[in-house]
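Read the structure below first, then the notes.
In what follows, every chain begins at residue 1, and chains take the letters A, B, ... in the order their sequences are listed.
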Protein chains: 2
Amino acid sequence: MKGSENTKFIPNLSYDCVIFGFNGVKLKILILEYHNTGLFALPGGYIKHNQSLQEAVNKGVEERTGLKNVFLDQFQVFADPNRTDPSATRRILEANNKDLADNEWMTERFVTVGHYALINYENVNPKPDHLSDSIEWYDIDNVPKLMMDHNEIVSKALEVLRNNISEKIIGMNLLPPRFTMKLLQQVFEAILGHTLRRTSFQRKMLSLDILQRHEKLFEGKAHKAPYLYSFK
Amino acid sequence: MKGSENTKFIPNLSYDCVIFGFNGVKLKILILEYHNTGLFALPGGYIKHNQSLQEAVNKGVEERTGLKNVFLDQFQVFADPNRTDPSATRRILEANNKDLADNEWMTERFVTVGHYALINYENVNPKPDHLSDSIEWYDIDNVPKLMMDHNEIVSKALEVLRNNISEKIIGMNLLPPRFTMKLLQQVFEAILGHTLRRTSFQRKMLSLDILQRHEKLFEGKAHKAPYLYSFK
DNA sequence: TTTTATTGTCTCATATTATGACAATAATTC
DNA sequence: GAATTATTGTCATAATATGAGACAATAAAA
């Protein structure tokens, strides 16, 4: 039936998600590229009429990463009436052989709810959706030009992440279950964009009483082996 | 023309605003009561198709308080599919002799963007809108039972305000242009919900280098007159 | 002139954080 | 197997910030 798609969703409302991961060196985000258009965008989607926003975003993140119930922060609404770009949306629909008339609702103005997710890089298996031909990790300091206001959404997400930097949440979601103090420090440095003092950082983390110390990690390197830690 | 109202606005999307004021003693918020219904609610509204969210909220706040361009923080989206209460909306429409069929769109599910505003209590002249018969200040610790999830929105706004307590923003927006150190301390105590140490507070504020000291304020009291300050 | 209440500013004790020093220790090199 | 290397865990000391109280200054009333 024609036009059935648009009745499933709340009109003019979408979500977009900045998915952060950490590969041990750099902070990265997932960006998708649409078939034959050269257009890059954040993963996002629409909210069904019977669905909560959080359900919708969780589902979208799961479809692209395979991860369930990841840490999500809904950080800002972007609602400039001119933020949407109908011509870009049409290009994507055409490149995917979609009926324009049928999908006209997608070219309307959209208010979007910006989220960021923190996920364990190693567990992710990025999967493009039916409109895009790739979804890939990009260094946070090397993000390509994105559609509409998505670059602004990324900047804002990083800003909020930096301000809300809670030791436990960041560590628990961006790191593997067991990690060295050095790796923990490297996540913080990657997020904050500057180096930290080793001794102060270590003392601070230990004093917070959120870490559990485990066995040492023998990496086969010619120096003292570090302890492994997990979050309590 | 029937049903023309709903075409003006983005469907299923609203804003609500917790408007904070400080009367010198208590932190207060503005709450409106609907004609002949006993229903209390936060001031809120809808977003026109050609309007940004911020424009819509600024306009709503101005209509109820007479104040333009007040400090606004868009702090959270509330999007539970069951948060809306169609029966309450119908009661309000009936009490105002509105055509139910014509306004059926108002009883649909709404996703709302929660905001809080900080305003100078003294400058406000509260004005009820066409559906409500009063808009009044309530102590933050004595808020009545509100419609839908509005009590939750208030709690969340206060929580965010407490966490985001930036000296300058709070002082500049909740206080008159010139104020004593004591009044400044009282705003902070009203927001935080606990007392602060006078000497430490004073030293802290002065060390931040955000205050300009002016002439003394002679209140006609039998003690040393305090200086007046403004924000730089 | 004395009293009263409050203000502005110290002082000293007590955290907290910065900075550097240093011993401990896996693995490599000789 | 002893010396070397790179890194880790921890401590010592200095610099800052905060907590808690003391006290003199002072505007108006008694």
Taking D/dA27, D/dT10, C/dT7 as options, the one with an atom nearest any side-chain atom of B/K216 is D/dA27
Please report, rounded to the nearest Å, how far the C1' atom of C/dG8 is from the NZ atom of B/K204. 19 Å
Whole-Å gap separating C1' (D/dA17) and CZ (B/F201): 16 Å
Phosphate OP1/OP2 of C/dT6 contacted by B/K221 side-chain N/O (<4.0 Å): no
What is the distance, rounded to the nearest whole Å, between atom CE of B/M205 and atom P of D/dA17? 15 Å
So what does A/T180 hit on the nucleic acid, given a heavy-atom distance under 4.0 Å: a base, only sugar-phosphate, or nothing? nothing
Taken to the nearest whole Å, CG/B/L211 to P/C/dG8 is 11 Å
Among the nucleotides C/dT7, D/dT7, D/dT18, which one has an atom lying closest to any side-chain atom of B/R203? D/dT18
For B/Q202 and A/R197, find the nucleotide of DNA chain C closest to each by heavy atoms; which residue's nucleotide sits nearer the 5' end? B/Q202
Is the shortest side-chain N to carboxylate O distance from A/R162 to A/E159 below 4.0 Å? no
Nearest 0.5 Å, what's the CG-CD1 distance between A/L174 and A/I119? 8.5 Å
Of all the nucleotides listed (C/dA26, C/dG8, D/dG21), which has the minimum atom distance to the side chain of B/T199? D/dG21
Verify the neighbour count for atom NZ of A/K68: are there more than 12 heavy atoms of other residues, nucleotides or ligands below 6.0 Å? no
Flag if over 12 foreign heavy atoms under 6.0 Å of CD, A/Q54: no
Measure the acute angle between the ring planes of B/F40 and B/Y138, then classify it against the limits of 30° and 60° as parallel, tilted or perpendicular. perpendicular
Check the distance between D/dT7's P and A/L217's CG and give it to me in whole angstrom. 14 Å
Starting at NE2 of A/H223 and ending at P of D/dG9, how long is that distance when rounded to a whole Å? 11 Å
Polar pair under 3.5 Å, donor/acceptor by atom type, side chain B/R198, base C/dG8: yes
What is the distance, rounded to the nearest whole Å, between atom CG of B/L228 and atom C1' of C/dG8? 15 Å
In whole angstroms, how far is the C1' atom of D/dA29 from the CZ atom of B/F218? 16 Å
Compare the minimum distances between each of C/dA27, C/dT6, D/dG9 and the side chain of A/K224, then state the nucleotide with the smallest one. D/dG9
